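Chain naming here is simple, since letters A, B, ... match the order of the sequence lines and numbering starts at 1 in each. This one's a predicted model, so the numbers in the text were calculated from it and none came from an experiment.
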2 protein chains.
Amino acid sequence: MSRAETPRRGSRTSRAGIRDVAAAAGVSITTVSDALNGKGRLPDATRRHVREVADRLGYRPSAAARTLRTGKSGLIGLTVTTYGDEPFTFTEFAYFAEMARAATSAALARGYALVILPATSRHDVWSNVALDGTVVIDPSDHDPVVSELVRQGLPVVSDGRPAGSLPVTAWVDNDHEAAVLGILDHLAAAGARRIGLLTGTSTDTYTNLSTTAYLNWCERVGQDPVYEAYPAHDPCAGAVAADRLLARPDRPDAVYGLFDPNGTDLLAAARRYGLRVPDDLLLVCCSESSVYANTEPPITTLSLKPRRIGTAVVQLLIDAIEGVESDQPVEQVIPTELIVRTSSQRRQARPIVSPPRSPGQG
Amino acid sequence: MSRAETPRRGSRTSRAGIRDVAAAAGVSITTVSDALNGKGRLPDATRRHVREVADRLGYRPSAAARTLRTGKSGLIGLTVTTYGDEPFTFTEFAYFAEMARAATSAALARGYALVILPATSRHDVWSNVALDGTVVIDPSDHDPVVSELVRQGLPVVSDGRPAGSLPVTAWVDNDHEAAVLGILDHLAAAGARRIGLLTGTSTDTYTNLSTTAYLNWCERVGQDPVYEAYPAHDPCAGAVAADRLLARPDRPDAVYGLFDPNGTDLLAAARRYGLRVPDDLLLVCCSESSVYANTEPPITTLSLKPRRIGTAVVQLLIDAIEGVESDQPVEQVIPTELIVRTSSQRRQARPIVSPPRSPGQG
DNA sequence: CGCTGTGTTGCGAGCGCTCCCGTCCCTCTC
DNA sequence: GAGAGGGACGGGAGCGCTCGCAACACAGCG
């Protein structure tokens, strides 16, 4: 009672605090807090009254104070690994954008928001934001950021299975081997005799697994591997690599490109060499872009289902944040989808119903 | 001295606090704070010592506490308006992704991070995160979120000039009228006699300004407007609208498409009608996508320079957060760039050097 | 009339920092 | 040798909220 009644320093400046609401409603701070958060056992009348006063004053609780007190910020980090000099690609490929969007929606639906953070960054940025957990896209081997986060006891869920022995809480990924094998079989079934691969020089798991799957398949069916690798983060290098691939003496009659822009790259290269698609060259690439539905010809694409992945990743993370700490990593595999278009089908397949030569079955 | 020496409750659990560092370094909490933040006047020896102890203990300052105390969170909201049912497009068009990426980098460089937030959202999500300011992409007329933020005294900078009388702190935009006029002139110079427009049904300023500019231009040069509008958020509607446009009895011999996918849409439609590009139909669309460099033929695009916009928006916002509150809105216009490719040039323009008929010069 | 039960409400102690000051002590000056 | 000056550090009050627990009112019961 001593000086509690005086309206504090600047008083009439800035936004209303919980104190002001309490005073205006004639109740205690605790009651306001309880009323607004649906806690405690207050009669509905009180609750309503407080709520009413609160939004008459335009009261908004201070997120900082709440976070400090409760230890939960409702913030989830979204991290993309750096490519080359650019802070992160994020958009070079529609995949990231789609994934991020789905993740954002999923987080929002559960009351969380996403904070975009670069994987390689000085500590100060990371420690300037109170995170409840982090989503890491495509973590690199022994990622220092991930280790640090885990050390701090924050749950980390990765999109893409972690390389090495990264101690992530959970991960979500596609079955890249199965996807590649499926495509190769698809191409072979369409009549391909020598299937080439356009791949990357980086060492992330996606590239690794896909390339390995290709090599294994080649060995199994007895085909010599025909592939070109290029730094995937360089948009120009793709066109060059596509050109190289089709310029080879052992030119493939079908190509699978691992990266989003490869479709147009390969199409352009094919034109340069006078190759008709799909007649002389079958084409498939991994992409989320809808432009391939309208290219000439439309190109068969493999979708990694970024939306499902983004959603799954966030669900797992929030489960880990809120729920019981499951002791072993949770792993989730999302199926891919092959969207078959003209580029991977021999014209109508009328004349010859069965593929010309099916290389080694099983 | 009563119980200050006891190491607090759980003590050995959780992360080290500033208290632990102080104790371990044999200095006061204040000294630790000052040493770590480069404030106060401490000898370098002390500063080094404290820093060393701090990271021996793996100390990370609590962002929540700092935010609560200082009132600055280092967090900037990034908001996209909702289209249709989808939370927000964000990625439908490469523009948003590019812009968001540039904004992220710019923010990071100044020690801020971006929080992705939907424009239409219940208060609870917004008030759950302590924002220092907000970037709003394409704010709609009388956007309630913007008003609310401004009412709270937060600076708001918009990408796209605010419709109505939205009280934003600053905005960045392209000169859409000039851009459209430039394209129309470009097409006319390439020999177009009847230029069509593929536009949107929504009422955002981009669509509005662009369409109006088109109509004005038509009136000025005495051409009957030929356009089709469709809901831009629907990816399928674009192809249909493109088709409609080319099916018209007064079929245009050149088309400008306002939205990213329009290039492929129009190209596909042209093929359906047996129109050769650019011989029978000149094509330009507004897009940030690089696929148009490799289509058949490559398509001329207008770039809105999302990177520059994203950067500018963030700079203005952070200036507003940190610097002097400038009393009137700051406005910044970013020039567009027309990337001329085959689709908007008559074949080599050799036979006829000057355009067949230049409609009304100035 | 005291005692327990039930239903409401408030006290007060922090969450982990930052920052305004005050204190202490050492050095310099006249 | 005393006072002034200034460099080095620490005390302590919060920032605005949440939450365990205590307090209080009022009923019924023995």
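- Summarising the geometry, the separation between NZ on B/Lys72 and C1' on D/dC15 is reported as 14 Å, rounded to the nearest angstrom.
- As a whole-Å value, the separation of A/His49 NE2 from C/dT8 P is 17 Å.
- The side-chain heavy atoms of A/Trp126 and A/Leu117, taken from C-beta on, include a pair separated by under 4.5 Å.
- Applying side-chain contact (heavy atoms from CB on, under 4.5 Å) to A/Val172 and the options A/Arg308, A/Gln332, A/Gln315 leaves one that passes, A/Gln332.
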Shorter than 3.5 Å, N or O on both sides, protein versus nucleotides 5-7 of chain D: list them out with atom names.
| residue | atom | partner | partner atom | Å |
| --- | --- | --- | --- | --- |
| D/dG7 | OP2 | B/Arg41 | NH1 | 2.9 |
| D/dG7 | N7 | B/Arg41 | NH2 | 2.9 |

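- For the segment residues 25-34 of chain A, residues with any heavy atom less than 4.0 angstrom from an atom of DNA chain D are, sorted by number, A/Ile29, A/Thr30, A/Ser33.
- Annotation: side chain of B/Asp159 is in contact with side chain of B/Tyr95 (closest heavy-atom distance under 4.5 Å).
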Audit row: B/Thr169, B/Val150, side-chain contact (heavy atoms from CB on, under 4.5 Å) steps and yes/no
CA-CA 8 Å; B/Thr169 312; B/Val150 171; 5.7 Å; no

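- The side-chain contact (heavy atoms from CB on, under 4.5 Å) with B/Leu75 is formed by just one residue from the set B/Val115, B/Asp132, B/Thr134; it is B/Val115.
- In this structure, B/Ile18 atom CD1 and C/dC15 atom C1' are separated by 14 Å, rounded to whole Å.
- Inter-residue side-chain proximity for B/Ile76 and B/Val135 is flagged as met; some heavy-atom pair is nearer than 4.5 Å.
- The nearest whole Å value for the distance from the CZ atom in B/Arg66 to the C1' atom in C/dC19 is 13 Å.
- Under the side chain to side chain donor-acceptor pair (under 3.5 Å) criterion, A/Arg161 pairs with A/Asp173, not counting sequence neighbours.
- Taking 4.0 Å as the cut-off between side-chain N and carboxylate O, B/Arg110 and B/Glu322 count as a salt-bridged pair.
- Whole-Å rounding puts the B/Arg19 CZ to D/dG11 C1' distance at 14 Å.
- Both B/Ala65 and B/Lys39 sit near DNA chain C, but only B/Ala65 has its closest nucleotide nearer the 5' end.
- Here the P atom of nucleotide D/dG16 and the CG atom of A/Leu36 are 16 Å apart, to the nearest Å.
- Within the 4.0 angstrom heavy-atom criterion, no nucleotide atom of any strand lies near B/Thr67.
- When the C1' atom of C/dG16 is taken as reference, atom CG of B/Asp20 falls 11 Å away, rounded to whole Å.
- Taking atom CG on A/Leu68 and atom P on C/dG16, their separation rounds to 7 Å, with Å as the unit.
- Side-chain contact of B/Ser28 with B/Thr31: a donor-acceptor pair under 3.5 Å is present, judged by distance alone.
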